[in-house]
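Per chain, numbering begins at 1; letters A, B, ... match sequence-line order. Quick note: numbers below take in every heavy atom, side chains included, and nothing from hydrogens, waters or symmetry partners. Given the structure is predicted, the values throughout are model-derived calculations rather than measurements.
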2 protein chains.
Amino acid sequence: MPYDPSAFPPFAVTVDLVVLTVRRHSLCALAVRRGEPPFQGRWALPGGFVREGEDLSQAAARELAEETGLCVHDPAAPTQDNGAHLEQLATYGDPGRDPRMRVVSVAHLALAPDLPAPRAGGDASNARWAAVGELLEQSGYGHAGQPAAPLAFDHAQILADGVERARSKIEYSSLATAFCPSEFTVGELRRVYEAVWSVALDPRNFHRKVTGTPGFLVPTGGTTTRQGGRPAQLFRAGGATLLNPPMLRPEV
Amino acid sequence: MPYDPSAFPPFAVTVDLVVLTVRRHSLCALAVRRGEPPFQGRWALPGGFVREGEDLSQAAARELAEETGLCVHDPAAPTQDNGAHLEQLATYGDPGRDPRMRVVSVAHLALAPDLPAPRAGGDASNARWAAVGELLEQSGYGHAGQPAAPLAFDHAQILADGVERARSKIEYSSLATAFCPSEFTVGELRRVYEAVWSVALDPRNFHRKVTGTPGFLVPTGGTTTRQGGRPAQLFRAGGATLLNPPMLRPEV
DNA sequence: ATCATAGTCGTCTGCCTGACGATAATCAGT
DNA sequence: ACTGATTATCGTCAGGCAGACGACTATGAT
């Protein structure tokens, strides 16, 4: 059954971004307010059309830069400041997910350190960091919630998938450091795990674990007291990407 | 910057399939021979265009059925015979990956038990099971290899990603049972792990591990001697999808 | 000085794992 | 029937890691 090259339906292809960060001990995602129908006035994930001649990851990096000013952390460049982690998440192509036309969206997951207030093309009122719990509560992916409107399109599903990916991936990779500034303490890293997993971790066992995992952390020699209490050693992310042994998420 | 709904470039969207199985102690993938240009006569992964009104997973399931006769194992239906596991793998959209036009391919990963000879629209000479090592060797993803032609398009990359996904996913999920018939022995399951990981596992420790992991295996009561030697208990896959504790891949 | 806070080092116990010995139940030859 | 090959299954033992938790250190706030 050879195909007819002229007989394929045309699709629009977009990238949508799940941009996660940790703010005030809770996991937050970037949301933008839609300016036109459909779902006008509702919150949605940032995203846009893939352009001609543009790769999917290029399109995602461009959208990320437009929305946050972040540039993507190149895995080849080891010590690059203010770089975000970006990876493909999944692709959503339900017919009818966009009422206007057939749109296939390649969702990407970005992890960023705590940032200043977001900007959406210069308009701050149209972009915000929102706790993922609040964004998902009213969509059937969380617990009871306040009456805020759910996310547009199937973005609640995409966000839930992105959060789940982040939750599982910090177990066996050093990705949690993507939520931290270039230099950070063990306690700050622990608060990342606690926020993403919504659990409390024993500071002593956590310290032993991360400092004992080869390649995870390298001390910079400096110390800081920005968290209060006794000064803590500063570290930066080591070269290891896969953690062995992995961090273990406590059972619920 | 509101977008112009009429100003998006049209794409063709396809699904490509990485169908894996274990035959004669080695991991094999389904390959089809291309009947027309580009890459005429070369081996490629099965796939095809997504139709109008068709979901991505529907399109993947349809292509899988067309190529292999397998129907997809519905996670809701617990004990369905001859069902394959199917999941989305990743999406490949490099401009220029198809010389004819802009094509975005949503690759899927399918795991199937050992099957009779493949059929490609009834033409057996145009489809075969090939050891993944041979398929990847000549593409720079393996070691030294014979002078066979590499896979068409970027299918070697897709296959490599699919194999890597399968290798890591059988660690922490019960997915290895998707390579087995509905009833199988511990030894048969061990040979699946050995083939996928290309390692030798201790039969005694493996037996202790899998029979001790809750929800992984449920005995059927029957036994078989189809592997020779002492009769072995038959099991079927238990309800658990996530293994706790996970299977550990030996370090290299 | 005292307290609260956060960081760091140890100890102990239980569980899991890898290495490996031993036994059991079948089949193929002789 | 005996022997050997093959596979399955049970047991033992030592080492390592994880969770629970005590103890001490170094800072800032009152």
Side-chain angles (χ1 to χ4, degrees), chain A residues 24-25 170-172 180 183-195 197 199-236 240 242-252, chain B residues 24-25 170-172 180 183-195 197 199-236 240 242-252:
Chain A
R24 286 172 286 110
H25 293 200
I170 64 174
E171 282 192 79
Y172 56 90
C180 294
E183 295 198 353
F184 54 90
T185 70
V186 173
E188 290 164 348
L189 184 63
R190 176 170 48 84
R191 281 180 273 281
V192 165
Y193 277 91
E194 292 178 331
W197 286 344
V199 295
L201 299 175
D202 185 294
R204 299 158 290 191
N205 292 335
F206 184 87
H207 188 278
R208 177 185 56 188
K209 185 71 183 284
V210 295
T211 56
T213 298
F216 195 6
L217 302 180
V218 289
T220 68
T223 61
T224 184
T225 68
R226 63 181 170 229
Q227 298 290 340
R230 171 176 166 178
Q233 278 188 81
L234 284 170
F235 296 85
R236 71 177 69 240
L242 257 53
L243 299 185
N244 196 350
M247 305 293 298
L248 291 183
R249 175 162 28 168
E251 352 231 326
V252 189
Chain B
R24 285 174 287 112
H25 293 200
I170 64 173
E171 282 193 80
Y172 56 89
C180 295
E183 294 198 353
F184 53 90
T185 70
V186 173
E188 289 164 350
L189 184 63
R190 174 170 49 82
R191 277 172 216 105
V192 165
Y193 276 92
E194 291 178 332
W197 284 345
V199 295
L201 299 175
D202 185 292
R204 298 157 292 192
N205 293 335
F206 184 86
H207 187 280
R208 178 184 57 189
K209 186 70 182 287
V210 295
T211 55
T213 299
F216 195 5
L217 302 181
V218 288
T220 67
T223 62
T224 184
T225 70
R226 62 180 169 230
Q227 297 292 338
R230 170 175 167 179
Q233 277 188 79
L234 283 170
F235 296 85
R236 69 178 69 240
L242 256 53
L243 299 185
N244 196 348
M247 304 294 297
L248 292 182
R249 176 160 31 166
E251 354 230 323
V252 189

Rounded to whole Å, the CZ-P distance (B/F206 to C/dA19) equals 16 Å

Distance col, row A/L234:CG vs A/T220:OG1, nearest 0.5 angstrom, shows 4.5 Å

Rounded to whole Å, CD of B/E188 lies from P of D/dA8 at a distance of 8 Å

### Message
Less than 4.0 angstrom between a side-chain N/O of B/H207 and OP1 or OP2 of D/dT9, yes or no?
### Response
yes

Whole-Å distance, A/Q233 CD to C/dG7 P, equals 12 Å

| request: Could you check if a side-chain atom of A/V210 sits within less than 4.5 angstrom of a side-chain atom of A/V186, using non-hydrogen atoms only? | output: yes

Looking at A/K209, I'd like to know whether one of its side-chain N or O atoms comes within less than 4.0 Å of OP1 or OP2 on D/dA18.
yes

From CG of A/L248 across to P of D/dG16 the rounded distance in Å is 18 Å

Rounded to whole Å, CG of A/L201 lies from C1' of D/dC21 at a distance of 16 Å

Between B/N205 and B/T185, whichever has its closest DNA chain D nucleotide further toward 5' is B/T185

Under 4.0 Å, heavy atoms only, any strand: does B/R226 hit a base, just the sugar-phosphate, or nothing? nothing

Hey, is the side chain of A/R208 pairing donor to acceptor with the base of D/dG19 inside 3.5 Å? yes

Side-chain touch A/R190/A/E194, heavy atoms, less than 4.5 angstrom: yes

To the nearest angstrom, the CG-C1' distance between A/D202 and D/dG22 comes to 11 Å

Rounded to whole Å, CG of B/L217 lies from P of D/dA8 at a distance of 14 Å

From CZ of B/F216 across to P of C/dC16 the rounded distance in Å is 16 Å

| So do the side chains of A/M247 and A/Y172 get within less than 4.5 Å of each other, counting heavy atoms only? | no

Sequence neighbours excluded, the answer for side chain to side chain contact (heavy atoms under 4.5 Å, CB included) partners of B/E188 is B/F184, B/T185, B/R191, B/R226, B/Q227

Point to revise | Side chain proximity check, A/F216 to A/L189, heavy atoms < 4.5 angstrom | key: yes

Scoring nucleotides 21-30 of chain C by protein non-hydrogen atoms under 4.0 Å (B base, S sugar-phosphate only, - none) yields BB-BBB----

I'd like to know if the side chain of B/K209 reaches the main chain of B/P246, judged simply by a donor and an acceptor atom lying under 3.5 Å from each other, with no hydrogens or angles considered. yes

